[in-house]
Amino acid sequence: MLNAGDGMHEHPTQALLDLRTILVHLKPGTHTVTAETLAGVTVTIVGDILHSRVARSNMLLLPRLGARVLLCGPKELLPELAAHAGPGIEIERDFDAALRQSQAVMMLRIQAERLAGLQLDLEQYKASYQLTGPRLAAHAPTGVVLHPGPIIRGLELTAGVADGPQSAILEQVTNGVAIRMAVVERALTAVHQGGRA
């Protein structure tokens, strides 16, 4: 069975394409992935962690390969409980402090329909957690910028960052095609050979 994303639970193929994109930028030439492949790498995931299947899948995958994962966002979108999701995962509420520690930053979409009932001021959110050119230049001038898409330009990040030289967002899309083709091929091959997908 293939999981192409199940509600708010998990999105494994997204985590795989995110990993591929991170490896291309931070560990070029990597052919074999081990428990130490991402040792010394810190990835910050920013935004609506509470509702994000992308965040959950990356929280499961990246620490298993040695990465440190910082979760960043307001309490309304990032409950303290998330820090107990597993080893290698921490919460850092100060976005600038998180950026200073990170080699990659993954921005998550803020969906209005998921904010119903939450006391969240979007202007305050942007002031605290929006990735802007000046913020990126000041705190993570060589950091790789990721986003699972679709992007809400001007909310979670500015257009200049989304289209800027540190953005790997279009590469994620390209890697997503290859990763998902490989997953489908593996599943079909396993079924054809009498195994389980």
Side-chain angles (χ1 to χ4, degrees), residues 3 5-23 25-27 33-122 124-132 135-136 138-140 143-149 152 155-157 168 172:
N3 182 338
D6 56 349
M8 291 174 12
H9 186 230
E10 288 183 36
H11 197 349
T13 58
Q14 181 70 43
L16 290 172
L17 74 89
D18 292 339
L19 170 63
R20 174 67 181 152
T21 308
I22 290 168
L23 290 174
H25 282 268
L26 302 181
K27 302 285 183 174
V33 176
T34 71
E36 299 297 320
T37 297
L38 294 178
V41 172
T42 297
V43 178
T44 291
I45 304 176
V46 187
D48 188 358
I49 312 291
L50 178 65
H51 300 103
S52 177
R53 61 191 182 183
V54 172
R56 264 181 281 292
S57 287
N58 276 287
M59 288 161 60
L60 287 170
L61 177 63
L62 298 178
R64 289 183 182 188
L65 305 178
R68 175 177 174 234
V69 174
L70 294 180
L71 305 177
C72 189
K75 291 181 180 179
E76 295 87 350
L77 300 177
L78 173 55
E80 290 292 333
L81 183 64
H84 305 291
I89 298 171
E90 303 169 37
I91 290 177
E92 173 55 75
R93 301 280 178 197
D94 183 328
F95 187 23
D96 295 341
L99 281 174
R100 286 192 292 271
Q101 302 172 61
S102 302
Q103 289 74 50
V105 57
M106 183 180 303
M107 307 303 296
L108 299 176
R109 183 165 45 127
I110 302 298
Q111 294 177 251
E113 64 272 20
R114 290 180 173 171
L115 303 182
L118 298 178
Q119 300 299 315
L120 187 69
D121 181 326
L122 284 181
Q124 180 58 48
Y125 179 86
K126 288 196 288 187
S128 299
Y129 299 106
Q130 184 183 74
L131 188 58
T132 65
R135 177 171 262 156
L136 187 61
H139 304 296
V144 179
V145 177
L146 306 166
H147 193 302
I152 303 176
L155 181 49
E156 58 260 15
L157 74 172
Q172 286 176 274

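Starting from 1, each residue takes its place in the sequence as its number.
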Between the side chain of [X] and the main-chain N/O of [Y], is any donor-acceptor distance below 3.5 Å?
X: Arg93; Y: Gly73; value: yes
X: Gln101; Y: Ala97; value: yes
X: Gln130; Y: Leu155; value: yes

Measure the shortest side-chain to side-chain distance between [X] and [Y] over non-hydrogen atoms and say whether it is less than 4.5 angstrom.
X: Gln14; Y: Leu17; answer: yes
X: Glu156; Y: Leu131; answer: no
X: Ile22; Y: Val144; answer: no
X: Leu23; Y: Thr37; answer: yes
X: Gln172; Y: Leu146; answer: yes
X: Leu77; Y: Ile110; answer: yes
X: Arg109; Y: His147; answer: yes
X: Leu99; Y: Thr44; answer: no

Show, in sequence, the C-alpha distance, side-chain angles and deciding distance for Lys27 and Leu38, and conclude whether the side chain to side chain contact (heavy atoms under 4.5 Å, CB included) test is met.
CA-CA 8 Å; Lys27 302 285 183 174; Leu38 294 178; 4.3 Å; yes
Closest heavy-atom contact between [X] and [Y]?
X: Cys72; Y: Phe95; value: SG-CA, 3.5 Å
X: Ala98; Y: Ser102; value: O-OG, 2.7 Å
X: Ala82; Y: Ile91; value: CB-CD1, 4.5 Å
X: Thr21; Y: Ala168; value: CG2-CB, 3.6 Å
X: Pro74; Y: Leu120; value: CG-CD1, 3.8 Å
X: Pro63; Y: Pro87; value: CB-O, 3.4 Å

Within this structure, what is the [atom1]-[atom2] distance for the pair [X] and [Y], rounded to the nearest 0.5 Å?
X: Ile89; Y: Met59; atom1: CD1; atom2: CE; answer: 4.0 Å
X: Asp48; Y: Glu76; atom1: CG; atom2: CD; answer: 10.5 Å
X: Leu71; Y: Met106; atom1: CG; atom2: CE; answer: 10.5 Å
X: Tyr129; Y: Leu108; atom1: OH; atom2: CG; answer: 13.0 Å

Going by side chain to side chain contact (heavy atoms under 4.5 Å, CB included), Leu19 matches just one of Asn58, Val43, Leu65. Which one?
Leu65
Identify the residue among Leu62, Ile45, Val54 that makes a side chain to side chain contact (heavy atoms under 4.5 Å, CB included) with Asp18.
Val54
Taking atom CZ of Arg64 as the centre, report whether more than 12 heavy atoms of other residues, nucleotides or ligands fall under 6.0 Å from it.
no
